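See structure below.
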There are 2 protein chains.
Amino acid sequence: MSNSEHAPRPVAQPLHRQLRDLMMARIDAGEWSPGTYLPPETRLAEEYGVAVGTLRKALLDMAAEGVVVRRQGKGTVVASHDSDAVLFRFFNLRRPDGSTLRPESRVLSRARVRGSAEDTAALGLADGAELVCITRVREAEGAPILYEHILLDAARFSALETQPEILPNTLYQLYQLDMGATVHRAQEALRAVQAKGECARELGVAEGAPLLHIRRVALDYGGAPIELRVSWVNTQSLQYETGV
Amino acid sequence: MSNSEHAPRPVAQPLHRQLRDLMMARIDAGEWSPGTYLPPETRLAEEYGVAVGTLRKALLDMAAEGVVVRRQGKGTVVASHDSDAVLFRFFNLRRPDGSTLRPESRVLSRARVRGSAEDTAALGLADGAELVCITRVREAEGAPILYEHILLDAARFSALETQPEILPNTLYQLYQLDMGATVHRAQEALRAVQAKGECARELGVAEGAPLLHIRRVALDYGGAPIELRVSWVNTQSLQYETGV
DNA sequence: CAGTGGTCTAGACCACCGT
DNA sequence: CGGTGGTCTAGACCACTGC
């Protein structure tokens with residue numbers, strides 16, 4: 001008891017926050033995998049030796065974060081990233097009338113590359129680290145709508161350079177199932193640029209045509225970067241929608 | 001009691017929801033204006049004749065919506081839209097290094113116009129309704145960064161056609177103070193387009209240069225449209241940032 | 001029908017703020 | 001120091017789900 005104050009952050013977390021972290025860890029560890037129903041509130045509270053209200057607060061926080069989904073009469077289920085709703089959580093392109101698109105993907109190349117300083121920094125890696133780069137075109141109803149590079153830490157995602165033979169349209173689901181990397185949120189930077197080179201050719205637009213350029217960093221629960229995605233979108237018959 | 005089901009929404013709202021609506025109404029009515037401290041939880045609960053926990057839930061919901069800000073030891077204060085933080089809540093343009101901009105505005109024209117079908121629809125008005133249209137350029141450090149049209153319901157905002165003499169840089173604050181219209185959220189649609197005409201001249205770019213085109217509808221607490229803003233942004237040295 | 005989460009209550013103690 | 005919101009507890013009843 002000699003120290004009067006200035007304790008070095010005594011990690012005095014509220015109980016509900018500790019509970020949240022404990023349950024989050026069980027989800028990350030795979031004990032409660034996506035789609036699993038958690039035990040009911042009363043049993044969990046008993047297990048952890050806390051009041052139901054306290055455990056409830058932790059679950060509500062997790063629900064607000066989108067980690068779990070709670071439904072009266074059913075239970076609390078770990079959010080899975082395989083439903084269409086979640087699949088399109090980060091896909092903000094819509095037709096001008098507001099209807100959604102169902103894009104398909106055509107992979108152009110998969111390679112191991114040395115990342116630029118900017119790209120490795122975005123992924124939180126050392127300068128010059130090796131990356132896996134997937135280049136693909138996404139099309140809707142036969143017409144190409146975007147061209148993109150997908151960049152990943154080769155140390156973690158090297159398998160993706162060759163496997164699986166056919167990449168699924170929804171890579172985030174693959175990251176979650178095969179690498180245990182769950183994309184929780186994403187940061188994007190948008191600009192208007194001119195089309196050129198392979199990108200212009202693949203999208204079937206003239207050199208110099210205006211394209212929407214999107215640079216997206218996908219992050220996990222803890223805020224650690226998982227993927228960097230650079231896209232060029234033809235917004236002639238599309239728009240990028242967002243709401244605050 | 002003849003109808004067996006399909007009751008027309010029996011408005012059976014939870015108590016905490018009703019409390020939220022009651023308090024929201026007092027804010028909208030100006031009884032609790034932005035910056036005002038609400039009475040403490042215990043007194044409010046007594047006033048409304050509910051348990052503190054129930055009132056607390058209502059206040060927490062309002063805080064989550066950003067309507068009020070709660071601080072331990074101080075109290076619950078109605079959020080005001082005059083701080084820089086809130087001022088830039090809907091301004092998503094940043095420099096590539098992530099630093100923020102402090103744009104200034106130069107008004108080019110103010111007029112009363114007949115709205116296009118698309119524009120009046122976005123504002124929830126009848127086809128052909130009259131609108132006030134403000135055209136301006138926003139500049140940072142002397143360089144123009146965007147050109148925009150601001151469209152408002154003339155029936156409600158006619159004063160803005162001529163007054164005040166000098167429009168403030170931050171219109172949303174003006175809407176709140178003078179028209180009692182508080183912008184709570186906004187929906188945006190983004191596209192890449194080519195510069196042309198007055199827009200290209202004002203931004204100092206060549207005809208055909210790529211610009212980021214933003215169409216934003218600003219909404220109040222109830223989701224009713226307040227303002228339609230159409231902007232053309234030169235993203236040569238800027239980017240539009242967003243995070244999910 | 002049993003079991004789940006949703007709502008509501010009532011009260012205790014703690015951490016923070018300003019005086 | 002008194003007053004605020006933050007945390008935590010304990011228990012009651014309700015509304016929804018699926019069998």
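Note on naming: letters A, B, ... go to the chains in the order of the sequence lines (proteins, then strands), and numbering restarts at 1 for each one. On a predicted model such as this, the values are computed, not experimentally measured, just so you know.
Looking at A/Glu104 and A/Arg138, no side-chain N of the basic residue comes within less than 4.0 Å of a carboxylate O on the acidic one, giving no salt bridge. Between A/Glu41 and A/Arg70 there is a salt bridge, since at least one side-chain N of the basic residue sits less than 4.0 Å from a carboxylate O of the acidic one. In this structure, A/Glu188 does not pair ionically with B/Arg94, as no charged nitrogen and carboxylate oxygen lie closer than 4.0 Å.
A/Val52 comes within 4.0 angstrom of nothing in the nucleic acid, heavy atoms only. Backbone-only contact: A/Thr76 has heavy atoms under 4.0 Å from sugar-phosphate atoms and none from a base. Residue B/Arg56 is classed as a base contact, given a heavy-atom separation below 4.0 Å to a base.
Contact annotation: B/Lys74 does not reach the phosphate of D/dG5 (side-chain N/O to OP1 or OP2, under 4.0 Å). Close to C/dG6, at under 4.0 Å from its OP1 or OP2, lies a side-chain N or O of A/Arg70.
One interatomic measurement links the two molecules: CE of B/Met62 to C1' of D/dG5, which rounds to 15 Å at whole-angstrom precision. Between the OH atom of B/Tyr37 and the C1' atom of C/dC17 there is a distance of 10 Å, rounded to whole Å. Atom CD of A/Glu41 is separated from atom C1' of D/dA10 by 14 Å (rounded to the nearest Å). Atoms CZ (A/Arg20) and C1' (D/dT7) sit 17 Å apart, rounded to a whole Å. In this structure, B/Leu19 atom CG and C/dT7 atom P are separated by 13 Å, rounded to whole Å. A/Gln18 places its CD atom 12 Å from the C1' atom of D/dC8, with the value rounded to the nearest Å. One can place CG of B/Asp61 at 11 Å from P of C/dC8, the figure rounded to the nearest angstrom. To the nearest angstrom, P of C/dT4 lies 13 Å from CD of A/Gln72.
Taking only side-chain atoms of B/Ala51, from C-beta outward, the nucleotide of C/dT7, C/dA10, D/dT7 with the closest atom is C/dA10. Residue B/Leu15 places its side chain closer to C/dT9 than to any other of D/dA15, D/dG5, C/dT9. In this structure, of D/dT7, C/dT9, C/dT7, it is D/dT7 that holds the atom nearest to the side chain of A/His16. Here the nucleotide nearest the side chain of B/Pro40, chosen from D/dT9, C/dG5, D/dG5, is D/dG5.
Looking at B/Met23 and B/Trp32, their side chains come closer than 4.5 Å, going by heavy atoms from C-beta outward.
Distance alone, capped at 3.5 Å, is enough to place a donor-acceptor pair between the B/Arg216 side chain and the B/Phe90 backbone.
Heavy-atom distances to DNA chain D give each of A/Val50 and B/Thr42 a nearest nucleotide, and the one nearer the 5′ end belongs to B/Thr42.
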